[in-house]
Amino acid sequence: QVQLVESGGGSVQAGGSLRLSCAAFGVTRSSYSSRYSMGWFRQTPGKEREGVAVIASDGNTRYADSVKGRFTVSKDNTKKSLYLQMDSLKPEDTAVYYCAAGSGLVYDTILLMAPRSFAYWGQGTQVTVSS
């Protein structure tokens, strides 16, 4: 059973930066590197969970239009970890951010932006951006 543990959330003023981390447990380095697609999603009260940034198992990435040029997703296969560097944060980035993993060898990053593409989820970490 894959377990994902996020860290790095917090409160920051608009224009600031945060870096989220997501460590994966219950998966080998080989599988994590070659078979798992990973993603970051976020959710605010009363709204559906939305894709923020994803990395397919072949390394291709996709970002939501709202974060392009400000957020960067990366993956360290040696550490079995996923990161989200968030710069130039805006109040509208305030949300609970979730890490997700899927083992279905999905290469279509458009499909990966949908929560249903992922089977495993972290507990979420709060990001609050004040104006």
Joint hydrophobic cluster, Val2 plus Phe41, side-chain heavy atoms closer than 4.5 Å: no
Linked, directly or transitively: Val127 and Leu4 (ILVMFWY side chains, under 4.5 Å): yes
hydrophobic_cluster_shared for Tyr63 and Leu82, side chain cutoff 4.5 Å: yes
Check: Met86 and Arg70 side chains under 4.5 Å, non-hydrogen atoms: no
Atom of Ser17, atom of Ser88 and distance for their closest heavy-atom approach: OG-N, 4.4 Å
Ser33 side chain to Arg29 backbone, donor-acceptor under 3.5 Å: no
Separation between CG of Asp58 and OG1 of Thr109, rounded to the nearest 0.5 Å: 8.5 Å
Parallel, tilted or perpendicular, as decided by the 30° and 60° cut-offs, for the rings of Phe118 and Trp121: perpendicular
Hydrophobic cluster identity match, Tyr120 and Val27, side-chain contacts under 4.5 Å: yes
Connected via hydrophobic side-chain network under 4.5 Å: Val52 and Tyr83: no
Within 6.0 Å of CZ in Arg35, more than 12 heavy atoms from elsewhere: no
Gln13, CD: over 12 other non-hydrogen atoms inside 6.0 angstrom: no
Ser130 to Pro91 - nearest heavy-atom pair and separation: C-CG, 4.5 Å
Test item: Thr44 side-chain N/O and Ala95 main-chain N/O as donor-acceptor pair under 3.5 Å: no
Backbone of Phe25 reached by a side-chain donor or acceptor of Gln3 within 3.5 Å: no
Heavy-atom check, side chain of Trp40 versus side chain of Ile55, under 4.5 Å: no
Shortest non-hydrogen contact from Leu111 toward Ser117: O-OG, 2.6 Å
Shortest non-hydrogen contact from Ser37 toward Ala56: OG-CA, 3.6 Å
Under 3.5 Å donor-acceptor, Thr125 side chain and Glu6 backbone: no
Face-on cation placement of Lys75 at Tyr32 ring, 6.0 Å and 45° thresholds: yes
Euclidean distance, Leu20 CG relative to Ser81 OG, rounded to 0.5 Å: 12.5 Å
Minimum heavy-atom distance between Gly8 and Leu18, given as atom pair plus value: O-CD2, 4.0 Å
Salt bridge Asp93-Lys90, side-chain N to carboxylate O under 4.0 Å: no
Any donor-acceptor N/O pair, Gln123 side chain to Val5 backbone, under 3.5 Å: no
Any donor-acceptor N/O pair, Thr94 side chain to Val129 backbone, under 3.5 Å: yes
Sub-4.5 Å side-chain heavy-atom contact between Pro115 and Gln43: no
Any donor-acceptor pair under 3.5 Å from Arg19 side chain to Gln85 backbone: no
